[in-house]
Amino acid sequence: MPFWLFKSEPDVFGWAEQAAKGEAGEEWTGVRNYQARNNMRAMRCGDLGFFYHSNIGKEIVGIVEVIRESAPDSTTDDPRWDCVMVKAVRPLPRPVSLDRCKLEPGLEQMALVKNTRLSVQPVSDAEWQIVCRLGGLEG
DNA sequence: GCCAACGTTGGC
DNA sequence: GCCAACGTTGGC
């Protein structure tokens with residue numbers, strides 16, 4: 001099963017807001033980048049992703065699950081853009097900072113480290129395991 | 001707040 | 001179809 005990473009600025013929509021949505025989840029709206037959109041289109045219900053706070057915090061704070069596959073983004077009339085829906089699964093016991101990721105052997109190729117501007121990214125199995133371990137979760 | 005990296009747009 | 005100009009993201 002593939003893994004993903006979603007970036008959000010916590011002062012706009014952070015983990016607290018995501019968690020507050022509970023089982024209902026929330027549409028991941030606002031993506032206006034083809035690569036990021038294509039990543040969302042590749043997602044399937046049940047896929048897991050990290051929730052990353054950009055700008056403020058700069059750390060991976062939780063895990064979300066895809067609960068609806070890509071569908072039109074209600075925040076635009078432009079048919080090019082669509083989005084998935086995700087729900088919070090659990091917070092990381094210990095958030096994993098960007099700095100920590102940069103230092104960790106095995107994460108050198110992580111999109112978070114290499115392609116800082118991509119807002120929705122794929123995460124490899126190995127990267128997922130490493131970050132989960134750093135975050136205080138068993139794989 | 002600055003600026004590097006990168007994506008998109010539009011003139012040719 | 002190339003590429004310069006421009007806009008945006010996000011780390012610092």
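Proteins come first, then strands; the chains are lettered A, B, ... in the order of their sequence lines, and each starts at number 1.
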Could you write nucleotides 3-9 of chain B as a row of B, S and -, 5' to 3', where a protein heavy atom under 4.0 Å of any base atom gives B, of only sugar-phosphate atoms gives S, and otherwise -?
-> --BBSS-

Euclidean distance, atom NZ of residue K102(A) to atom P of dG10(C) [Å, nearest integer] = 14 Å

Mind checking salt bridge (charged side-chain N to carboxylate O under 4.0 Å, His left out) for K21(A) and listing every partner two or more places apart, or none if nothing turns up?
-> E26(A)

Pairing residues for D47(A) by the salt bridge (charged side-chain N to carboxylate O under 4.0 Å, His left out) criterion, not counting sequence neighbours | none

Salt bridge (charged side-chain N to carboxylate O under 4.0 Å, His left out) against K87(A), all qualifying residues, sequence neighbours excluded | E23(A)

Could you list all the ring pair (Phe, Tyr, Trp, His ring centres under 6.0 Å) pairs where at least one residue sits in residues 59-85 of chain A, not counting sequence neighbours?
-> Y34(A)-W81(A)

Listed partners of E69(A) passing salt bridge (charged side-chain N to carboxylate O under 4.0 Å, His left out), at least two apart | R44(A)

Interatomic distance, K58(A) NZ vs dG10(C) P [rounded to whole Å] = 12 Å

